[in-house]
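Reviewing the structure listed below.
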Amino acid sequence: MKIKTKDLLTLNELSKSELLGILDNAIKLKKDLKKGISKPILKNKTLAMIFQKPSTRTRVSFETGMFQLGGHALNLSADDLQLKRGETIEDTAKTLSRYVDIIMARVYSHDEVEILAKNSTVPVINGLSDSFHPCQILADLMTIKEKKKKLEGLKLAWIGDGNNVCNSMIYGCAKTSIDMTIATPKGYEPNSDIIKESKKFIDLQLLTDPMSAVKDADVVVTDTFVSIHHQATDRTKDFLPRFQVNSNLMKKADHEAIFLHCLPAKRGQEVTSEVIDGPQSVIWDEAENRLHAQKALMALLLRV
């Protein structure tokens, strides 16, 4: 499959067929790996991983994925690069492009990953920014497809903060025909332009009542509302107890609904341990699928 975009920064760069192709290939790569099949399709390819912020799932899944595909990954913290001493992002991008085949960056400001991509001649993947988290949503959609055997026509309820993950989830649902209800406190809504754009393709509702949002939902999703961007801010009073995903809230969803959380979770805040460890939770499959979805993404961006 050919792909039009050089980079993946938001998920909106992908067409519906490209996105579905990534998911199908990710599922195949996962099945192959379980059978002991791992083809070195990225042999002699190098991934540069730039980290401005801490990471568990992003770092380990990208590094492991590149290894399994026969390539090599370089872990570059902000302290490792000349960025710390004032070298521009533009100059860093141009330099790295001469050394590596693909770049993943986990940054604070989305503007920085855009500048990186604009000045890089190799593909750039947004490993997380303050506005978007496209790789997480690839894993989420893959998980939903595995569990529900389809995407189109499902209903997904997002509960909590309309944050970067939510923004990418809206794009993902719009491109796969998943209807979406979003329940946030007033003032915590996702990006209005993304909402306006995506309403052209799916039934998308913004609510302030979590109980109404999860009614008959096939998928219930939440995320921390005290993320790495908000450590100095006390936001709990705006979210608790109303926007906590607990057993009472899950009972309003479809009886076969699944629960997703991108992790790390703050147990007892946005979600109770009863839900996160319960039978409807698929968070560990979701976390694992970061590995497979990103392998499929890297292979596609590198035209392998």
Side-chain angles (χ1 to χ4, degrees), residues 11 133 136-137 139-192 194-225 235-263 265-283 285-286:
L11 213 61
H133 198 355
Q136 180 62 53
I137 304 311
D140 290 358
L141 293 172
M142 177 184 172
T143 307
I144 295 169
K145 187 167 185 180
E146 284 182 322
K147 302 301 179 181
K148 294 295 183 180
K149 309 305 179 186
K150 67 174 186 176
L151 294 171
E152 186 170 350
L154 295 177
K155 176 184 174 181
L156 182 146
W158 177 278
I159 308 298
D161 190 11
N163 60 11
N164 52 351
V165 184
C166 184
N167 286 334
S168 287
M169 180 65 82
I170 296 168
Y171 275 146
C173 286
K175 289 182 180 294
T176 55
S177 302
I178 298 175
D179 293 329
M180 190 173 181
T181 53
I182 302 168
T184 70
K186 289 184 178 179
Y188 290 94
E189 297 85 0
N191 183 285
S192 58
I194 298 172
I195 291 289
K196 183 178 179 180
E197 182 181 355
S198 299
K199 276 187 172 181
K200 300 173 185 175
F201 306 103
I202 56 170
D203 182 8
L204 178 57
Q205 300 180 48
L206 286 181
L207 306 172
T208 56
D209 179 16
M211 289 290 185
S212 298
V214 300
K215 187 176 186 302
D216 300 324
D218 301 291
V219 185
V220 178
V221 191
T222 193
D223 188 12
T224 179
F225 43 80
R235 308 169 113 221
T236 57
K237 64 183 184 299
D238 296 330
F239 288 88
L240 293 178
R242 195 174 182 206
F243 290 86
Q244 182 186 77
V245 178
N246 50 42
S247 57
N248 287 333
L249 190 69
M250 289 298 296
K251 287 176 184 176
K252 298 293 182 181
D254 184 84
H255 70 282
E256 294 184 348
I258 57 174
F259 171 74
L260 297 175
H261 190 307
C262 67
L263 302 177
K266 290 184 170 60
R267 291 170 178 258
Q269 287 197 9
E270 74 272 7
V271 61
T272 61
S273 290
E274 184 179 10
V275 170
I276 209 167
D277 296 324
Q280 292 173 284
S281 174
V282 295
I283 62 166
D285 292 310
E286 178 188 8

Grab the two heavy atoms, one from P190 and one from I195, that are nearest each other, plus how far apart they are. CG-CD1, 3.8 Å
Answer yes or no: are there more than 12 heavy-atom neighbours, outside K252 itself, under 6.0 Å from its atom NZ? no
I170 side, atom CD1; L204 side, atom CG - distance, nearest 0.5 Å: 6.0 Å
Would you say the side-chain atoms of R242 pair up with the backbone N or O of T208, donor to acceptor, closer than 3.5 Å? yes
With side-chain contact (heavy atoms from CB on, under 4.5 Å) as the test, pick out the partner of V221 among I144, L156, I182. L156
Is atom NZ of K237 surrounded by more than 12 heavy atoms (other residues, nucleotides or ligands) closer than 6.0 Å? yes
So which heavy atom on P185 is nearest to which on G160, and how close? CD-O, 3.6 Å
Identify the two heavy atoms, one from S168 and one from L11, that lie closest to each other, and give their separation to 0.1 Å. O-CD2, 3.7 Å
Determine whether F259 and T222 satisfy the following criterion, side-chain contact (heavy atoms from CB on, under 4.5 Å), listing intermediate values before the conclusion. CA-CA 8 Å; F259 171 74; T222 193; 3.7 Å; yes
Calculate, to the nearest 0.5 Å, the distance between atoms CG and CD belonging to N246 and E274 respectively. 8.0 Å
Under 3.5 Å, is there a donor-acceptor pair between the side chain of Q244 and the main chain of G268? yes
Step-by-step salt bridge (Lys or Arg N to Asp or Glu O under 4.0 Å) determination, D277 to R267: CA-CA 10 Å; D277 296 324; R267 291 170 178 258; 2.7 Å; yes
Could you report the tightest heavy-atom contact between A183 and A213, atom names first, then the distance? CB-CB, 3.7 Å
Quick one: do N163 and W158 satisfy side-chain contact (heavy atoms from CB on, under 4.5 Å)? Show the steps, please. CA-CA 11 Å; N163 60 11; W158 177 278; 3.5 Å; yes
Let me confirm one number: the CG-NZ distance from L141 to K148, rounded to the nearest 0.5 Å. 14.5 Å
CD1 of I202 to OG1 of T176, rounded to nearest 0.5 Å, is 7.5 Å
Could you check if a side-chain atom of K175 sits within less than 4.5 angstrom of a side-chain atom of F201, using non-hydrogen atoms only? no
Distance, nearest 0.5 Å, that separates OG1 of T236 from CD of E270: 11.5 Å
Evaluation steps, ring pair (Phe, Tyr, Trp, His ring centres under 6.0 Å), between Y188 and F225: CA-CA 10 Å; Y188 290 94; F225 43 80; 8.7 Å; no
Minimum heavy-atom distance L151-I178, with the two atoms named: O-CG1, 3.2 Å
So, does D218 use its side chain to make a donor-acceptor pair with the main chain of K155 at under 3.5 Å? yes
Where the side chain of E286 meets the backbone of H261, is there a donor-acceptor pair that is under 3.5 Å apart? yes
Return the CG to NZ distance between L249 and K215, rounded to the nearest 0.5 Å. 13.5 Å
For a 4.5 angstrom cut-off between non-hydrogen side-chain atoms, does V245 reach P210? no
G187 backbone acceptor or donor facing E189 side chain under 3.5 Å: yes
Do the side chains of R235 and D161 get nearer than 4.5 Å, heavy atoms only? yes
Are Q136 and M169 close enough, and set up right, to give a side-chain contact (heavy atoms from CB on, under 4.5 Å), and what steps lead you there? CA-CA 9 Å; Q136 180 62 53; M169 180 65 82; over 6 Å; no
Got a donor-acceptor contact below 3.5 angstrom from the N191 side chain to the N167 backbone? no
Check: T181 main-chain N/O paired with Q205 side-chain donor or acceptor under 3.5 Å: no
To check you understand the geometry: which heavy-atom pair defines the closest contact between V282 and K147, and what is its length? CG1-CE, 3.8 Å
